[in-house]
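What follows is a set of notes on a single structure, which appears directly below.
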Amino acid sequence: MKDAHDDRSFEHDVYDVVRAIPSGRVTSYGAIAKVLGATRASRRVGWVLNKSFGKQPAVPAHRVVNRLGMLTGAIHFPADRPMAEQLVAEGVVIENDTVVDFEAVFWDPMTEL
DNA sequence: CATCTGACCTAGT
DNA sequence: AACTAGGCCAGAT
């Protein structure tokens, strides 16, 4: 077997949390990292989400923004499927690549999950 | 092979 | 309260 520290465990865990985000809500990388027990591993969360494209079931990575509510990951999204567009389609108001009323639509996996 | 960067955040000064 | 440095881990150069 592999090491006790299974990298896929983290991946799967991230996907699990992200998929649990309700439509019309958003969360942050830090919140996910924290609920996973890796408070400072927020960067890793972003990298994991990078591989989430084309995953089945689909991972709503567009519902994950940074702590300030900015769509920092939008630059890495496919042009056919802009992050903001998907969020708007779910009822989230986006302005200048930033979530409007971020705290209102914020979904904390630690509290809600 | 060594160094740096990157969907970020927390802790320390 | 503002700023700096550190951490996390893998891909890219």
Side-chain angles (χ1 to χ4, degrees):
Chain A
M1 284 306 266
K2 293 200 165 183
D3 308 307
H5 311 294
D6 198 340
D7 298 344
R8 295 193 177 182
S9 181
F10 190 81
E11 282 185 37
H12 187 76
D13 224 355
V14 172
Y15 295 144
D16 200 18
V17 174
V18 174
R19 283 195 279 237
I21 304 171
S23 182
R25 293 279 164 102
V26 294
T27 191
S28 62
Y29 306 95
I32 295 171
K34 187 167 191 171
V35 77
L36 295 184
T39 315
R40 302 174 207 162
S42 30
R43 268 186 177 177
R44 239 197 333 147
V45 176
W47 188 252
V48 170
L49 286 177
N50 232 359
K51 308 193 321 180
S52 68
F53 292 108
K55 217 84 175 180
Q56 277 297 330
V59 180
H62 58 274
R63 294 181 189 152
V64 185
V65 296
N66 74 346
R67 200 125 145 80
L68 304 173
M70 304 190 217
L71 280 57
T72 50
I75 57 180
H76 284 277
F77 262 71
D80 298 25
R81 216 143 186 154
M83 183 185 282
E85 199 132 307
Q86 294 188 58
L87 286 171
V88 171
E90 294 182 354
V92 180
V93 183
I94 306 297
E95 195 171 298
N96 195 10
D97 290 320
T98 309
V99 177
V100 178
D101 222 347
F102 176 59
E103 296 193 25
V105 293
F106 180 71
W107 183 82
D108 189 353
M110 193 104 116
T111 306
E112 313 267 346
L113 194 59

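The chains referred to below are lettered A, B, ... by the order of the sequence lines, with proteins before strands, and numbering in each begins at 1.
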- Task: Under 4.0 Å between any heavy atoms, over every strand shown, what does A:N66 touch: base, sugar-phosphate, or nothing? Just pick one.
- Result: sugar-phosphate
- Message: Can you measure A:L49 atom CG to B:dC9 atom P for me and round it to whole angstrom units?
- Response: 12 Å
- Euclidean distance, atom NE2 of residue A:H76 to atom C1' of B:dG6 [Å, nearest integer]: 7 Å
- Message: Show, in sequence, the C-alpha distance, side-chain angles and deciding distance for A:H62 and A:E90, and conclude whether the side chain to side chain donor-acceptor pair (under 3.5 Å) test is met.
- Response: CA-CA 11 Å; A:H62 58 274; A:E90 294 182 354; 3.0 Å; yes
- Message: Nearest to the side chain of A:F77, heavy atoms from C-beta on, is which of B:dC9, B:dA7, C:dC8?
- Response: B:dA7
- Query: What distance, rounded to whole Å, do you find between the two P atoms, one in C:dA5 and one in B:dT5?
  - Reply: 15 Å
- Just to confirm, is there a sub-4.0 Å distance from OP1 or OP2 of C:dC9 to any side-chain nitrogen or oxygen of A:R44? yes
- Rounded off to whole Å, could you give me the CZ-to-P distance for the A:R40 and B:dA11 pair? 6 Å
- Query: Can you tell me if the side-chain N/O atoms of A:S42 get under 4.0 Å from OP1 or OP2 in B:dT10?
  - Reply: no
- Whole angstrom value for the distance that separates P of C:dC9 from OH of A:Y29: 18 Å
- Considering only atom P, compute the distance from C:dC3 to B:dA7 and round it to an integer number of Å. 23 Å
- Message: Please give the distance between the C1' atoms of B:dC4 and C:dG6 as a whole number of Å.
- Response: 16 Å
- Message: Around atom CD of A:E112, are there more than 12 heavy atoms from other residues, nucleotides or ligands closer than 6.0 Å?
- Response: yes
- Message: Measure CE/A:M110 against P/B:dC9 and give the value in whole Å, please.
- Response: 15 Å
- Once you round to the nearest 0.5 Å, how far does CG of A:L71 lie from CG of A:D97? 6.0 Å
- Query: For the pair made of CG in A:N50 and C1' in C:dC9, what is the distance, rounded to whole Å?
  - Reply: 13 Å
- Note on the structure: A:L71 atom CG is separated from B:dA7 atom P, nearest whole Å, by 13 Å
- Query: Has A:R19 got more than 12 heavy atoms of other residues, nucleotides or ligands less than 6.0 Å from its CZ?
  - Reply: yes
- Out of B:dA7, C:dC8, B:dT10, which nucleotide sits closest to the side chain of A:R67? B:dT10
- Between A:R43 (CZ) and B:dC4 (C1'), how many Å, whole number? 10 Å
- Given the rule in the side chain to side chain contact (heavy atoms under 4.5 Å, CB included) test, do A:Y15 and A:D13 qualify, once you have shown the distances and angles that lead to the verdict? CA-CA 5 Å; A:Y15 295 144; A:D13 224 355; over 6 Å; no
- Message: Which nucleotide wins on minimum distance to the side chain of A:W47, given the candidates C:dC8, C:dA10, B:dA7?
- Response: C:dA10
